[in-house]
Amino acid sequence: MKILVVNAGSSSLKYQLLDMENESVLAKGICERIGTSGKISHKVADGRKFEAEIPMPTHTEAFQCLVDALTKGELKVIDSMSEISAVGHRIVQGGAIFSKSTLVDDKVIEQISDLAELAPLHNAAHVLGIKACIAALGKDVPEVVVFDTSFHQTMPARAYMYPIPYEYYEKYKVRRYGFHGTSHRYVSDRCAELMGKPKKDLKIVTCHLGNGCSISAIKDGVCIDTSMGFTPLDGLMMGTRTGTMDPSVLTFIAEKENMSPKEMDDMCNKKSGLLGVSGLSNDSRDVNNAAREGNERCRLAVDMQQYEVAKYVGSYIAAMNGIDALVFTGGIGENDPGMREYVSGQLGFLGVTIDLEKNKLRGEEVELSTPESKVKVWVIPTNEELVIARDTLALISK
Ligand code: AMP
């Protein structure tokens, strides 16, 4: 059975076609610059790939390019789209409505559109993706939506409420939702599997550290807290995002610089984090390299991010009253030995020890902790597309 996974953004559409007999990826790619020009990059399982510039005024044309890439030419992997049993869509914001993945119908599309108020850029684009998909494949092919927020819906109110006047929660649903849920779910499931224990018996802290960063506390098999909040701006310092800070900084700078709410939003989301502090780049490789060569602002940016990750991990250990396993994932978590060594080192007082040779490995699933370590430390490459495909399969098999 073949399942197509789609992740539609405002100007891009990423896709993967999986064969669920063995959960292998048959082809994957991305349509970019939708609305301005249009480019597709397509790759098949044996590594062969092509790129082409094709006009994509809307998501409908982008979806047609994806259909052509999968079904035509030398790199086709299926004869026709009728071989695809179902489509799974990644959706950023499911609000408090969607605590699990669900089959798409007209009401679900309307609900996702309504939630765009909470995630304007993302949810509106997801709806375009779903509609383009239905237009190309027809209504007979089941579509499933998988939400970044669902995994965090188990948080208790004390973790998801903000200490602002209660009326804003009632009027506008202002609360912590959390994001990267599909990734936190995948790596915590895999961690329990690797440890050979039921997830409900483990206290796990999962660190998804990439351009966007979030950390989750998982106890009794469910998420009890996570660092991203009302939007993905909350929590840790990220590639270009501030993460948590004193809200007065915003009103102070806005008044001094005469900046509008939109400009402040841009500053916090796009010009801050590693990029803002280093003045060089949002890419942790660039910032780390420059720090090693003596760039002081890059050193500061790296130090700040590592310190914050350790601080959050510590707070979640207190929130859970213990920890059995610490998991690193995401581009930085999977590849940056410096981050992992620092965070594990700060947990030395708990009896955490890691193997520094294994810590040099990049992008591999590996247990970093030594046999005598009191807490297991893992690197687990995330696989959000696989979770989306599995959820899709489970829902259509019901
Ligand atoms: P993601 O958003 O998960 O794709 O992660 C992107 C981040 O991972 C960027 O900041 C990259 O610089 C970082 N990253 C990827 N590879 C490495 C590496 N080998 N060493 C350090 N950081 C890396």
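Just so you know, ligand 1 is whichever comes first in the structure, and atom 1 is the first atom listed for that ligand. Sequence positions, counted from 1, serve as the residue numbers for this chain.
- Which parts of ligand 1 touch Gly210 is read off a 4.0 Å heavy-atom cut-off, strictly below it: atoms 1 (P), 2 (O), 3 (O), 5 (O), 7 (C).
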Quick one: do Arg33 and Ser11 satisfy side-chain contact (heavy atoms from CB on, under 4.5 Å)? Show the steps, please. CA-CA 5 Å; Arg33 300 184 210 148; Ser11 66; over 6 Å; no
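- Looking only at heavy atoms of the protein, atom 19 (N) of ligand 1 is closest to Arg362 NH1, 3.2 Å.
- Using a 4.5 Å heavy-atom threshold, the side chains of Ile130 and Val104 count as touching.
- Between Arg185 and Asp391 there is a salt bridge, since a side-chain N of the basic residue sits under 4.0 Å from a carboxylate O of the acidic one.
- The aromatic rings of Tyr177 and Phe230 are tilted relative to each other, their planes meeting at an angle between 30° and 60°.
- Looking at Thr382, Asp336, Asp283, Asn211 and measuring to atom 11 (C) of ligand 1, the nearest heavy atom belongs to Asp283.
- One side chain, Arg292 or Asn289, offers a donor N or O that lies under 3.5 Å from an acceptor on the other.
- For ligand 1, none of its N or O atoms has an N or O atom of His208 under 3.5 Å away.
- Among all non-hydrogen protein atoms, the one lying nearest atom 10 (O) of ligand 1 is Ser284 N, 3.0 Å.
- The protein non-hydrogen atom at the shortest distance from atom 17 (C) of ligand 1 is Asn335 CB, 3.3 Å.
- Nearest-heavy-atom check against atom 5 (O) of ligand 1 across Gly331, Gly363, Ser281 picks out Gly331.
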